[in-house]
Amino acid sequence: MAEDLSAVANFLYEAGTLKHTARTGWWMAGVRQPETVAEHSWRTALIATIIAKLEGADPARAAFLAVWHDTGETRTGDVNHLGKKYTAGEADPRDITADQVAGMPGILAEALTELVAEYEAKDSPEAICARDADKLECMIQGIEYKAQGYENAQRWIDNSRSRIVTKAGNALADAVLKTGSLDWLRSALSEKQG
C-alpha cells in the first residue's frame, strides 16, 4: 500500500477520546459517572443490527451507521439537548466528518462522509434502524440508571421511547420495558423471574 495513512492513524487516536467522553445529559439526571460515547455507540450498533434484521434492512449497514453516528463528538464533545439550545450555529456532523477525514485516502474519506450523510439524512431503512437503535439504547441506559437509584432518568426513558418509529424498534422497546435489567442473569442461572 503506497498511500500515506498518517491521517487515518491520527483519526484512530482521535476516535479513542470517545472512550473518555461522558454522555453529559445524564448529569442532569444526577448520574455522577455516566456512560461514555464509545460505550453508548457499541450497544447502539448491537441494537441496530437487531432492529434492522427484524425490519428486513441490512443489519451490517445499520450497525456500521450506528458505530459512526457520534464520531463527530470527538471535536464537539457530547452536547446535550439543553446545551444545543444555547450553542450558536451548531456544527453539522457532515462538516465535522469532512474535517476528520481530510488527508485520508480518497476512497476512505468518501465512504465515511457518505456514511455520516446517510445517517443524518434519515432516509435509508438502515439509517432509520440505526436512529431507532440510538433512542432504544438511551432508553435502556435510562432504565439501568433508574434501577441504580437515579429516579430522574425516567424523563430519558419516556422521551427516548416516544421517538422510536420502526415496528421492530417499538416491539423491542415494549419488551425492554417489561423486562428487568437483571432478568437476563436470572434466566442464565435458571432462577425464577421476579
Worksheet item: Taking all atoms of both residues into account, what is the closest heavy-atom pair of Cys129 and Ala52, and its distance?
Response: SG-CA, 3.7 Å
Worksheet item: So how far is it from Asp78 CG to Arg23 CZ, rounded to the nearest 0.5 Å?
Response: 5.5 Å
Discussion item. Quick test of your reading: applying side-chain hydrogen bond (donor to acceptor under 3.5 Å, both in side chains), list the pairs with at least one residue in residues 6-17, sequence neighbours left out, ordered by first then second residue.
Written reply: Asp4-Ser6, Glu14-Thr74, Glu14-Arg75, Glu14-Gln100
Worksheet item: Can we say Arg61 and Glu118 salt-bridge, meaning some charged N sits less than 4.0 Å from an Asp/Glu carboxylate O?
Response: yes
Worksheet item: Can you tell if the side chain of Pro34 reaches within under 4.5 Å of the side chain of Thr24, non-hydrogen atoms only?
Response: no
Practice prompt. Any chance you could measure Asp70, atom CG, to Leu18, atom CG, to the nearest 0.5 Å?
Written response: 8.0 Å
Discussion item. Are there over 12 heavy-atom neighbours, none belonging to Gln33, within less than 6.0 Å of that residue's CD?
Written reply: no
Worksheet entry | Which atom of Cys138 lies closest to which atom of Trp156, heavy atoms considered | SG-CD1, 4.2 Å
Practice prompt. Determine the minimum heavy-atom distance between Ala7 and Ala102, stating which atoms define it.
Written response: CB-O, 3.8 Å
Practice prompt. Could you tell me the separation between the CG atom of Leu182 and the CD atom of Glu191, rounded to the nearest 0.5 Å?
Written response: 10.0 Å
Worksheet item: Val31, Trp27: one ILVMFWY side-chain cluster at the under-4.5 Å cut-off?
Response: no
Item to complete: Hey, could you give me the CG/CH2 distance between Leu189 and Trp184, rounded to the nearest 0.5 Å?
Response: 8.0 Å
Practice prompt. Step by step, work out the side chain to side chain contact (heavy atoms under 4.5 Å, CB included) result for Glu35 and Glu137.
Written response: CA-CA 11 Å; Glu35 66 174 335; Glu137 198 290 324; 3.6 Å; yes
Please tabulate, for side-chain N and O atoms in residues 107-117, each donor-acceptor pair with protein atoms closer than 3.5 Å (sequence neighbours left out).
unit_1 : atom_1 : unit_2 : atom_2 : d
Thr113 : OG1    : Ala109 : O      : 3.0
Thr113 : OG1    : Glu110 : O      : 3.0

Fill in: Charged N-O contact under 4.0 Å between Asp183 and Arg186
yes
Worksheet item: Could you walk me through whether Arg161 and Asn170 pass the side chain to side chain contact (heavy atoms under 4.5 Å, CB included) check?
Response: CA-CA 8 Å; Arg161 176 65 187 92; Asn170 278 298; 2.5 Å; yes
Worksheet entry | Co-members of the apolar cluster containing Ile143 [side chain, <4.5 Å] | Ile47, Ile50, Ile51, Leu54, Leu136, Met139, Ile140, Ile157, Ile164, Leu172, Val176, Leu177
Worksheet item: What heavy-atom pair brings Asn159 and Ser162 nearest, and what distance separates the two atoms?
Response: O-OG, 2.8 Å
Worksheet item: Which distance, rounded to the nearest 0.5 Å, do you find between the CD of Glu39 and the CD of Gln141?
Response: 8.0 Å
Practice prompt. Check Glu144 against Ser181 and note the closest heavy-atom contact, atom names and distance.
Written response: CG-CB, 4.3 Å
Discussion item. Please check: side-chain N/O of His69 versus main-chain N/O of Ala66, any donor-acceptor pairing under 3.5 Å?
Written reply: yes
Worksheet item: Closest approach of Gly142 and Ala153, non-hydrogen atoms and distance?
Response: O-CB, 3.5 Å
Worksheet item: Are Leu12 and Phe64 connected in the hydrophobic side-chain network, where two residues link if heavy atoms are under 4.5 Å apart?
Response: yes
Practice prompt. Just say parallel, tilted or perpendicular for the rings of Tyr145 and Tyr150, cut-offs at 30° and 60°.
Written response: perpendicular
Worksheet item: Could you state the interatomic distance from OG1 (Thr71) to OH (Tyr119), rounded to the nearest 0.5 Å?
Response: 11.0 Å
